[in-house]
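Residues: numbered from 1 along the sequence shown. Keep in mind that what you see is a predicted model, and the values were worked out from it rather than measured.
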Amino acid sequence: MESNTNNLASIKKEALTEHPAEDGTDHIITEDSLELQDMSFKERRRHQWKQEQEKLKELTFWRKVQYILTYYTWKFLGIAGACVLILFVLQRIYIATRPVALNAILVNDIDNISFADTMTELYKEYYEVPEDARFLIDSNYLIVPAEPDSVPNNEQLSYYTKMMSHLINESAHIIICDADVIDYYAVDGYIAELKHALPPDLFQAFEGRFYEFDGPVADSDYYAIDISGTEFVKRTGIQLEQPYICIPTILSEENRKISFQVLQLILDLEENTAPRS
């Protein structure tokens, strides 16, 4: 027993002495390193932090600054970079998940640079909108099909792709366009048939202004509303020769209500009623 104790003491003493490394550098194993091996991760971190504090106590202020900059610069940069990345991701998530108050599309009137601002203000006058809600109002569309079943050329392809994305992803609330655009999309069922889509009061209010097209619905063919000459067209500066407003077929119940609100807004402007809260 005594022999084993002497052997352990000899090994520890030898470990605490300086040993030359194979590469010619000095390699020193301290008593601390032996103690650290028996510590848990938390105890090891606490021990190392205590040693750092003791080191810093012995240094002057500027030596402390120099020491920290020398040994912790990359850690600081890594933490700062991680914080910036997290903030960027959170910002993108916030932007992407904010509610959309209105998503309106104006087709074939790309010179109308005031439509988005005017449409936004009109909608805000009539309906209460959350402060962080987005208005996705786009007039940068040029869709001019020669025939209802024509294929767009390369120059127009981006406009057709963008429009189709709105129609199949139930994102756009209303579309303002000319008759050729309605014919092109209604034939495949992308434009809602209004006799079945509109509430009875709205359908009756717009009677006499419907655009008829021989679409896929058997018992009715009303796919758009003629808004030419209305106060809404004058206020928004729409320059289409014969503007129509229509609603995509694929819409959630909530988005369809927003479509109806736009139609009600057009009626209210005609009747010169006071803005509603």
Side-chain angles (χ1 to χ4, degrees), residues 88 91-93 95-120 122-123 133-194 196-197 210-217 221-228 232-233 236-252 254-256 258-260 262-263 266:
F88 175 77
Q91 182 192 38
R92 301 314 301 176
I93 292 173
I95 291 173
T97 56
R98 283 186 302 162
V100 177
L102 177 64
N103 188 338
I105 297 172
L106 176 63
V107 185
N108 295 337
D109 193 4
I110 58 177
D111 293 330
N112 189 341
I113 59 175
S114 63
F115 177 76
D117 291 338
T118 307
M119 185 75 237
T120 300
L122 277 175
Y123 195 85
R134 293 178 293 167
F135 282 82
L136 305 177
I137 300 174
D138 192 356
S139 60
N140 187 28
Y141 285 81
L142 186 61
I143 299 176
V144 190
E147 300 290 341
D149 58 350
S150 65
V151 178
N153 57 39
N154 291 335
E155 185 179 356
Q156 291 181 319
L157 187 59
S158 62
Y159 300 115
Y160 283 79
T161 302
K162 188 165 60 168
M163 175 66 82
M164 185 58 68
S165 175
H166 281 290
L167 292 173
I168 66 178
N169 292 311
E170 63 176 57
S171 52
H173 301 127
I174 61 162
I175 300 170
I176 300 172
C177 57
D178 49 32
D180 289 340
V181 175
I182 297 167
D183 297 348
Y184 185 79
Y185 289 105
V187 70
D188 293 319
Y190 291 113
I191 303 298
E193 201 291 313
L194 298 179
H196 299 282
F210 291 114
Y211 174 74
E212 296 187 45
F213 172 75
D214 189 14
V217 179
D221 298 311
Y222 302 134
Y223 287 92
I225 299 170
D226 182 358
I227 56 174
S228 58
F232 173 79
V233 169
T236 55
I238 295 173
Q239 301 173 30
L240 293 173
E241 184 175 346
Q242 188 74 47
Y244 294 92
I245 187 168
C246 54
I247 301 172
T249 300
I250 305 175
L251 278 182
S252 65
E254 182 180 353
N255 285 348
R256 194 172 293 276
I258 295 175
S259 305
F260 299 159
V262 175
L263 297 180
I266 294 172

For the residue pair Ser228 / Asp226, report whether a side-chain donor-acceptor contact shorter than 3.5 Å exists. yes
Side-chain heavy-atom pair Tyr223, Asp183 within 4.5 angstrom cut-off: no
What heavy-atom pair brings Leu251 and Ala172 nearest, and what distance separates the two atoms? CD2-O, 3.2 Å
Can any side-chain N or O of Ser139 pair as donor or acceptor with the backbone N or O of Ile110 at less than 3.5 Å? no
Flag the pair Tyr244 / Phe213 as yes when their ring centroid distance falls below 6.0 Å, and as no otherwise. no
When rounded to the nearest 0.5 angstrom, what is the spacing between OH in Tyr185 and OG1 in Thr249? 13.0 Å
Locate the shortest heavy-atom distance separating Ile175 from Met163; write the atom from each residue and the value. CD1-SD, 4.0 Å
Under a 4.5 Å cut-off applied to non-hydrogen side-chain atoms, are Thr120 and Leu102 in contact? no
Between CD1 of Ile176 and CD1 of Ile238, what distance do you get to the nearest 0.5 Å? 4.0 Å
As an exercise, state the distance from CG of Leu157 to NZ of Lys162, rounded to the nearest 0.5 Å. 12.5 Å
Atom CG in Leu194, atom NE2 in His196: separation rounded to 0.5 Å? 10.0 Å
Starting from the C-alpha separation in whole Å, work towards a yes-or-no answer on side chain to side chain contact (heavy atoms under 4.5 Å, CB included) for Val144 and Tyr159. CA-CA 10 Å; Val144 190; Tyr159 300 115; over 6 Å; no
Could you walk me through whether Ser114 and Asn112 pass side chain to side chain contact (heavy atoms under 4.5 Å, CB included), step by step? CA-CA 6 Å; Ser114 63; Asn112 189 341; 3.4 Å; yes
Parallel, tilted or perpendicular: which one describes the rings of Phe232 and Phe115, with boundaries at 30° and 60°? perpendicular
Would you say Tyr222 has more than 12 foreign heavy atoms packed within less than 6.0 Å of its OH? no
Quick one, Leu240 and Leu106 - any side-chain contact, counting heavy atoms below 4.5 Å? yes
Test side chain to side chain contact (heavy atoms under 4.5 Å, CB included) applied to Ile247 and Phe260, step by step: CA-CA 9 Å; Ile247 301 172; Phe260 299 159; 4.1 Å; yes
For side chain to side chain contact (heavy atoms under 4.5 Å, CB included), just list the numbers for Asn108 and Cys177, CA-CA rounded to whole Å, side-chain angles, deciding distance to a tenth of an Å, and then say yes or no. CA-CA 7 Å; Asn108 295 337; Cys177 57; 5.8 Å; no
Any side-chain heavy atom of Tyr211 sitting closer than 4.5 Å to one from Gln242? no
Are side-chain N/O atoms of Asn255 and His173 paired as donor and acceptor at under 3.5 Å? yes
Where the side chain of Asp138 meets the backbone of Ile105, is there a donor-acceptor pair that is under 3.5 Å apart? no
Hey, could you give me the CG/OG distance between Asn140 and Ser158, rounded to the nearest 0.5 Å? 8.0 Å
Just by modelled atom types, is the Thr161 backbone N or O under 3.5 Å from a matching donor or acceptor in the Ser165 side chain? no
Distance, nearest 0.5 Å, that separates CG of Asp109 from OG1 of Thr236: 8.5 Å
On a heavy-atom basis, which atom in Val233 and which in Pro243 lie closest, and how many Å separate them? CG2-CG, 4.2 Å
Would you indicate whether Tyr190, at its atom OH, is surrounded by more than 12 heavy atoms from other residues, nucleotides or ligands within a distance under 6.0 Å? no
What's the shortest heavy-atom distance between Pro248 and Leu167, and which atoms? CB-CD2, 3.9 Å
Could you report the tightest heavy-atom contact between Val262 and Ile245, atom names first, then the distance? CG1-CD1, 4.1 Å
Exercise: identify the closest heavy-atom pair between Tyr160 and Pro145: OH-N, 3.4 Å
